[in-house]
Engineer: 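My structure is below; once you've seen it, I'll send some questions.
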Amino acid sequence: MARLRCVTRFWHPVADMSAVSASGELLLDRAEGVHVWDESGRRYLDATAALWYCNVGYGRAEIADAAAAQMRRLPAYSHYGDVSSRPTTELAERIAHIAPMEDAVVFFASGGGESIETAVKLVRRYWSLLGRESKTIVISRERAYHGLAGYGTSIVGTDTFTVGVGPIAGGTLRVPWDDPVAFAEAVDRAGAENVAAFFCEPIVGAGGVLAPPPGYLEEVERICRERDVLLVADEVICGFGRVGDWFASSRFAVEPDLVTFAKGVTSGYVQLGGVIVGPRVREPFWAPGAGVWRHGYTYSGHATATAAAHANLDIMEREALPERARALESELADALAPLVSHPLVSEVRAGLGVLAAVQIAPDAIAEEPGLPDRACGLAREHGILTRVLVGGGLQVSPALVIDDAALTELVDGLRAALDDCATR
Ligand code: PLP
């Protein structure tokens, strides 16, 4: 049998490689502000800040300079044991200062997936250190996304991610994304003595941009406290300004035990993630006699990544980007609102943070399941890079520096794509 020819040796993440082979790769070349250019010189408006991460926009030379300077000085060194470097120790201090809980410490990883792995191990081991070994179950919200590493895949729990990979990590269960009573009942059914933590994406991102119903986060926090279940806010998307505060938890005045973060901490200029850990969970690990916690990664606390994070946070502070995001949320919602009258659109979800979804009408999707992907492809033809979320919404989460002209360009491009979609 003839071998399939490879048009690229790069196996793309989350991709249909047969389709990529047929269409070819979109080779991106450079970027500035909220725009990116491909190798042929075509310009696109990046409607999604890449994968929700480029909060400060592209072309920030000071982040590149900070990374380059750190690479020349000390690019990285294993931070196992007692070793650290100035940017890493100081970044932990800086993040603790803006964290949504008092007296926090920070465990670094290389991205969101590793931060989730770390958080699951942390909550389980926490209870084990307290002699409550049965508390291992992790509950999460349906539609939420927590990455595709081992525990992340298990917590997300949907068939699309688990099919064909054999046994995955157990001890996880899901509850409806919008119902605190269902969460309380799930804890009671499982037995609070068996539940370690609730992992909660404050605003569901990849699952469709679903804002929490009024009072939801406050209520799940109360239920966690009442039933002695740890609360883990997965702020990989929400953290670092996107929801109009440093963290969504702060915006909702919720005080989680742990916060997982990644993306916006460096705006993606260099990979970095981690877990912010409150004092309750930290204490038994840091207590005299606790011994070595055998968890960590080669790049935990990578000095170039943490130096880049400082430069990124300098920009966010100087330009008051969390406040800018708060102002932008209604501007974005107003700009997108007219699209709801388009025959292919059933809803525009926007108004909380710089996060929105233009929902392709479910009845139109029922008729043509590939419609959201087709709309997305046509948006690209009209110079807009977006992506399809679970349920068929088009993602709109631009950099926090987007201006009026680019917002207009974004909405016009999406409308043109939808018009084409209706007629082609
Ligand atoms: N958690 C959330 C809320 C995410 O959106 C993501 C990725 O998009 C992750 C975790 C996993 O992050 P990563 O893709 O860096 O592993």
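For ligands, and for the atoms within them, numbers begin at 1 and follow the listed sequence. As the structure is a prediction and not an experimental result, all values here were calculated from the model.
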Engineer: Which residue supplies the protein heavy atom nearest to atom 2 (C) of ligand 1, what is that atom called, and how far is it?
Structural biologist: Tyr145 O, 3.3 Å
Engineer: Would you give the length of the straight line joining atom CG of Leu344 to atom SG of Cys421, rounded to the nearest 0.5 angstrom?
Structural biologist: 5.5 Å
Engineer: Checking side-chain polar atoms at under 3.5 Å, does Ser78 have a donor or acceptor matched by the opposite partner on Tyr299?
Structural biologist: no
Engineer: Would you mind listing every salt bridge (charged side-chain N to carboxylate O under 4.0 Å, His left out) that reaches into residues 375-402, with sequence neighbours excluded?
Structural biologist: Glu381-Arg424
Engineer: Could you give the distance from CG (Leu272) to NE2 (His302), rounded to the nearest 0.5 Å?
Structural biologist: 10.0 Å
Engineer: Tell me: protein heavy atom nearest atom 11 (C) of ligand 1, and distance?
Structural biologist: Gly147 CA, 3.4 Å
Engineer: Any donor-acceptor pair under 3.5 Å linking the side-chain atoms of Ser85 with those of His79?
Structural biologist: yes
Engineer: With backbone taken as N, CA, C and O and side chain as the heavy atoms from C-beta onward, which portion of Glu114 lies under 4.0 Å from ligand 1: side chain, backbone, both, or neither?
Structural biologist: neither
Engineer: For Met17 and Phe10, which heavy atoms make the closest approach, and how far apart are they?
Structural biologist: CE-O, 3.4 Å
Engineer: Of the protein's non-hydrogen atoms, which lies at the shortest distance from atom 8 (O) of ligand 1, and what is that distance?
Structural biologist: Lys263 NZ, 2.9 Å
Engineer: Angle between ring planes, Trp293 versus Phe107, binned at 30° and 60°: parallel, tilted or perpendicular?
Structural biologist: perpendicular
Engineer: For ligand 1, which atoms, with element, lie under 4.0 Å from some heavy atom of Glu201?
Structural biologist: 3 (C)
Engineer: Tell me which protein heavy atom sits closest to atom 15 (O) of ligand 1, plus the residue, atom name and distance to 0.1 Å.
Structural biologist: Gly112 N, 2.9 Å
Engineer: Would you check whether Gly113 has a nitrogen or oxygen atom less than 3.5 angstrom from a nitrogen or oxygen atom of ligand 1?
Structural biologist: yes
Engineer: Nearest protein heavy-atom contact for atom 1 (N) of ligand 1: which residue, which atom, what distance?
Structural biologist: Asp234 OD2, 2.7 Å
Engineer: Show the atoms of ligand 1 that are less than 4.0 angstrom away from any heavy atom in Ile237.
Structural biologist: 5 (O)
Engineer: At under 4.0 Å between heavy atoms, which part of His146 makes contact with ligand 1: side chain, backbone, both or neither?
Structural biologist: backbone
